[in-house]
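Working notes, structure below.
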Amino acid sequence: MTLGSSGGSSVVVPRNFRLLEELERGEKGIGDGSVSYGMDDADDIFMRSWTGTIIGPHNTVHEGRIYQLKLFCDKDYPDKPPTVRFHSRINMNCVSHDNGMVDPKKFGLLANWQREYSMEDILTQLRKEMASAQNRKLVQPPEGTFF
Amino acid sequence: MANSNLPRRIIKETQRLLSEPAPGISASPSEENMRYFNVMILGPTQSPYEGGVFKLELFLPEEYPMAPPKVRFLTKIYHPNIDKLGRICLDILKDKWSPALQIRTVLLSIQALLSAPNPDDPLSDNVAKHWKANETEAVETAKEWTRLYATGA
């Protein structure tokens with residue numbers, strides 16, 4: 001018995017149509033542009049690989065830096081979160097020093113993933129995380145280096 | 001039962017799609033989501049898509065029938081009004097939608113679009129250019145893609 005688990009609405013937008021919505025939103029440009037994303041392979045009908053960009057928040061060590069991330073939406077997205085990996089090197093407490101993977105155990109949005117969350121939410125929340133007390137002053141690797 | 005609060009209109013449309021399918025079109029709801037349909041459209045005779053079986057997916061958003069269904073091709077197709085991701089440029093899927101239309105009419109319109117590509121209102125610029133510059137050659141490519149991607153087991 002599957003009742004609407006998300007309260008109120010019981011309409012479930014299937015994966016592909018959800019990703020098409022996200023694609024269109026990404027193409028239009030989000031807010032002030034401090035986060036953005038787009039699809040890697042315009043021919044991939046299943047829309048799996050994405051590149052996200054975060055502009056480092058003001059008054060932090062990240063200010064002025066542009067971070068690139070790779071997001072991978074598997075067949076079970078958005079029931080399951082995408083895998084998220086920094087391509088640009090960054091020193092941040094939820095990010096692996098070895099390969100840039102965002103550790104879901106240390107990043108609440110992935111740990112407590114809900115179907116309504118989007119790639120935009122992930123990028124926005126990571127940007128907030130950069131400005132948090134434990135991350136805003138961490139010594140950073142040279143700008144423009146990659147995992 | 002899942003989807004127990006499915007609007008009556010959607011139930012009616014679904015029943016009719018299953019009991020009286022339109023020629024060359026099949027549409028059946030997915031088991032876990034009654035608003036999500038697996039669709040097959042046969043390439044119309046005397047079109048470059050003849051002999052092809054095209055798979056599509058269709059979703060009825062919460063606002064349906066006040067908002068149009070969302071539809072796209074899953075099978076690769078060379079057509080000036082269909083892009084690489086299978087998105088379809090068709091007026092009734094956008095501003096010309098009316099709640100008087102149905103899933104059936106939408107699918108029939110898509111089938112008709114396969115018979116009558118419209119390169120003057122393109123979604124895929126390169127394909128449309130090709131179509132206008134050299135229609136014979138573009139039609140050959142469309143036939144080739146039909147053989148490559150829309151036939152087979």
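Chain naming here is simple, since letters A, B, ... match the order of the sequence lines and numbering starts at 1 in each. Both backbone and side-chain heavy atoms feed into the values below; hydrogens, waters and symmetry mates do not. Just so you know, these numbers come straight off a predicted model, no measurement behind them.
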Please check if [X] and [Y] belong to a single hydrophobic cluster, counting links between Ile, Leu, Val, Met, Phe, Trp and Tyr side chain heavy atoms closer than 4.5 Å.
X: Leu126(A); Y: Leu138(A); result: no
X: Ile90(A); Y: Val61(A); result: no
X: Leu74(B); Y: Val106(B); result: no
X: Phe73(B); Y: Phe46(A); result: no

- Message: A quick test of your reading: do over 12 heavy atoms of other residues, nucleotides or ligands sit less than 6.0 Å from NZ of Lys94(B)?
- Response: yes

- Message: Are there over 12 heavy-atom neighbours, none belonging to Gln46(B), within less than 6.0 Å of that residue's CD?
- Response: no

About how many Å separate [atom2] of [Y] and [atom1] of [X], when rounded to the nearest 0.5 Å?
X: Phe17(A); Y: Leu58(B); atom1: CZ; atom2: CG; answer: 6.5 Å
X: Asn16(A); Y: Tyr36(B); atom1: CG; atom2: OH; answer: 5.0 Å
X: Ser10(A); Y: Met34(B); atom1: OG; atom2: CE; answer: 12.0 Å

Any non-hydrogen side-chain atom of [X] less than 4.5 Å from a side-chain atom of [Y]?
X: Leu85(B); Y: Met39(A); result: yes
X: Tyr64(B); Y: Val11(A); result: no
X: Ile45(A); Y: Arg72(B); result: yes

- Message: When you measure from the side chain of Asn33(B) to the backbone of Val12(A), do you find a donor-acceptor pair of N or O atoms at a distance under 3.5 Å?
- Response: yes

- Message: Under 4.0 Å between a side-chain nitrogen and a carboxylate oxygen: does that hold for Glu24(A) and Arg87(B)?
- Response: yes

